[in-house]
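For reference, the structure discussed in these notes is given below.
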Amino acid sequence: MRNAKGVSLVEMLATLAIVCIVAGLGLPAFRSTLERQRCHAAVNLLAATLAHARNTAITRGMSISVCPLREDGMCGGTIDWSGGWITYADPSHERQPRSQPAILAITPQPVHSSVSVTSSTGRLLVRFLKDGRSGGSNIRFRVCSDGRIQGEVIVNNLGRIRTLKTPGIQACP
């Protein structure tokens, strides 16, 4: 009798079936982990952009603004920041960049389409003054996915930027 080398078709099919079952069970958990990571990436990118804008305002001694990006490359007058944002030099405190050289950075749609970023009502841009303060009221950015808040970025009047991991399940407004 010869020793058979390799596997039989039945053994290979049984192994393939087990792999498919395990992958099917693990895929939903992987999908939610991927979505959480997308939200954390959006929170961290927005917080880093705002911190950079504040540092630039202090270093240059002039106002720097960050606003939501419209499709035409200008500031959108909306609380939806999901499409990206613009950082620009704003010495005359306007709602739009005065010229192309005033634009310091454009971050086009930094997050996956399943993630939304919205700011608090009433604040359509963040302006850091030359001393690093952010005049006006506090602004809160909510990063949402699957109808729930996954994280927040908060800028207070003094320009301090902090991130907040939202505890529990809170519905996105």
Side-chain angles (χ1 to χ4, degrees), residues 34-173:
L34 180 63
E35 201 62 31
R36 269 195 319 274
Q37 290 305 315
R38 287 175 176 159
C39 291
H40 291 313
V43 166
N44 291 334
L45 182 60
L46 182 58
T49 300
L50 294 170
H52 184 261
R54 182 175 189 250
N55 289 338
T56 304
I58 294 168
T59 303
R60 291 188 179 190
M62 71 167 57
S63 295
I64 303 292
S65 294
V66 183
C67 65
L69 178 64
R70 275 191 330 216
E71 289 181 12
D72 64 356
M74 298 301 284
C75 289
T78 178
I79 62 171
D80 183 15
W81 292 61
S82 302
W85 44 82
I86 302 173
T87 305
Y88 64 96
D90 190 15
S92 56
H93 295 210
E94 297 186 22
R95 295 208 174 266
Q96 296 288 338
R98 290 187 100 175
S99 63
Q100 195 65 27
I103 296 175
L104 304 175
I106 296 177
T107 308
Q109 191 169 8
V111 295
H112 191 265
S113 60
S114 64
V115 177
S116 67
V117 180
T118 55
S119 65
S120 19
T121 308
R123 292 288 302 267
L124 304 179
L125 61 83
V126 179
R127 180 176 293 120
F128 293 100
L129 305 175
K130 61 184 177 181
D131 61 0
R133 291 182 298 120
S134 174
S137 60
N138 293 353
I139 184 168
R140 179 181 300 255
F141 295 92
R142 290 180 176 91
V143 177
C144 300
S145 176
D146 297 329
R148 296 182 302 153
I149 299 174
Q150 301 289 336
E152 296 177 304
V153 178
I154 301 160
V155 181
N156 71 10
N157 293 341
L158 296 177
R160 180 176 171 253
I161 300 151
R162 66 185 175 102
T163 60
L164 177 66
K165 185 176 179 183
T166 307
I169 298 174
Q170 295 183 18
C172 211

Just do the side chain to side chain contact (heavy atoms under 4.5 Å, CB included) check on Val153 and Ile161 with the steps written out, would you? CA-CA 7 Å; Val153 178; Ile161 300 151; 4.0 Å; yes

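- Residue pairs meeting the disulfide (SG to SG under 2.5 Å) criterion with at least one member in residues 122-152, sequence neighbours excluded: Cys144-Cys172.
- Here ring-ring contact (aromatic ring centres under 6.0 Å, His included) pairs that include residues 118-140, with residues two or more places apart or in two chains, number zero.
- For the atom pair Ser137 OG and Asn156 CG, the distance stands at 11.0 Å (nearest 0.5 Å).
- Within the 4.5 Å cutoff, side-chain heavy atoms of Leu124 are placed close to those of Ile79.
- Of the inter-residue distances, the one linking Ile86 atom CD1 with Met74 atom CE reads 6.5 Å to the nearest 0.5 angstrom.
- A donor-acceptor contact shorter than 3.5 Å links the side chain of Ser120 to the backbone of Arg140.
- A distance of 9.5 Å separates CD of Gln150 from NZ of Lys165, quoted to the nearest 0.5 Å.
- With hydrogens and angles ignored, the 3.5 Å screen pairs no side-chain donor or acceptor of Ser134 with any backbone N or O of Leu158.
- Atom-to-atom distance recorded for Ile139:CD1 and Ile154:CD1 is 11.0 Å, nearest 0.5 angstrom.
- Residue Asn157 comes nearest to Asn138 through the heavy atom pair N-OD1, 3.2 Å, listed as atom of the first residue, atom of the second, then distance.
- Across every non-hydrogen atom of Ser82 and Val117, the tightest pair is OG-N, 2.8 Å.
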Taking distance alone, no hydrogens or angles, what donor-acceptor pairs closer than 3.5 Å link side-chain atoms of residues 42-53 to residues at least two apart or in another chain?
unit_1: Asn44; atom_1: ND2; unit_2: His40; atom_2: O; d: 3.2
unit_1: Thr49; atom_1: OG1; unit_2: Leu45; atom_2: O; d: 2.9
unit_1: Thr49; atom_1: OG1; unit_2: Trp85; atom_2: NE1; d: 3.3

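- Across all their heavy atoms, Asp90 and Ser65 have their closest contact at OD2-OG, 2.7 Å.
- Within a 6.0 Å sphere centred on CZ of Arg133, other residues, nucleotides and ligands contribute 12 heavy atoms or fewer.
- Applying the side chain to side chain donor-acceptor pair (under 3.5 Å) test to Thr87 and every residue at least two apart in sequence or in another chain returns nothing.
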Run the salt bridge (Lys or Arg N to Asp or Glu O under 4.0 Å) test on Asp146 and Arg148 for me, step by step, so that the C-alpha distance in whole Å, both residues' side-chain angles and the decisive distance to 0.1 Å come before the verdict. CA-CA 6 Å; Asp146 297 329; Arg148 296 182 302 153; 5.0 Å; no

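- Residue Ser99 holds its OG atom at 8.0 Å from CD1 of Ile103, rounded to the nearest 0.5 Å.
- One finds the NZ atom of Lys130 at 10.5 Å from the CE atom of Met62 (value rounded to the nearest 0.5 Å).
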Could you go step by step and tell me if Leu129 and His93 meet the side chain to side chain contact (heavy atoms under 4.5 Å, CB included) rule? CA-CA 9 Å; Leu129 305 175; His93 295 210; 3.6 Å; yes

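- Within the structure, every pair that satisfies the ring-ring contact (aromatic ring centres under 6.0 Å, His included) test and touches residues 133-160, not counting sequence neighbours, is listed here: Trp81-Phe141.
- Across all non-hydrogen atoms, the minimal contact from Ser92 to Arg98 is OG-CD, 3.6 Å.
- A donor-acceptor pair is defined here as one N or O able to donate and one able to accept, closer than 3.5 Å; such a pair exists between the side chain of Arg54 and the backbone of Gly132.
- The disulfide (SG to SG under 2.5 Å) pairs that include a residue from residues 40-134 are Cys67-Cys75, where partners are two or more places apart or lie in different chains.
- Between Arg38 and Ser114, the shortest heavy-atom distance links the atoms NH1-OG, 3.8 Å.
- Asp131 and Ile58 make their closest contact through C-CG1, 3.9 Å (heavy atoms, listed as atom of the first residue, atom of the second, distance).
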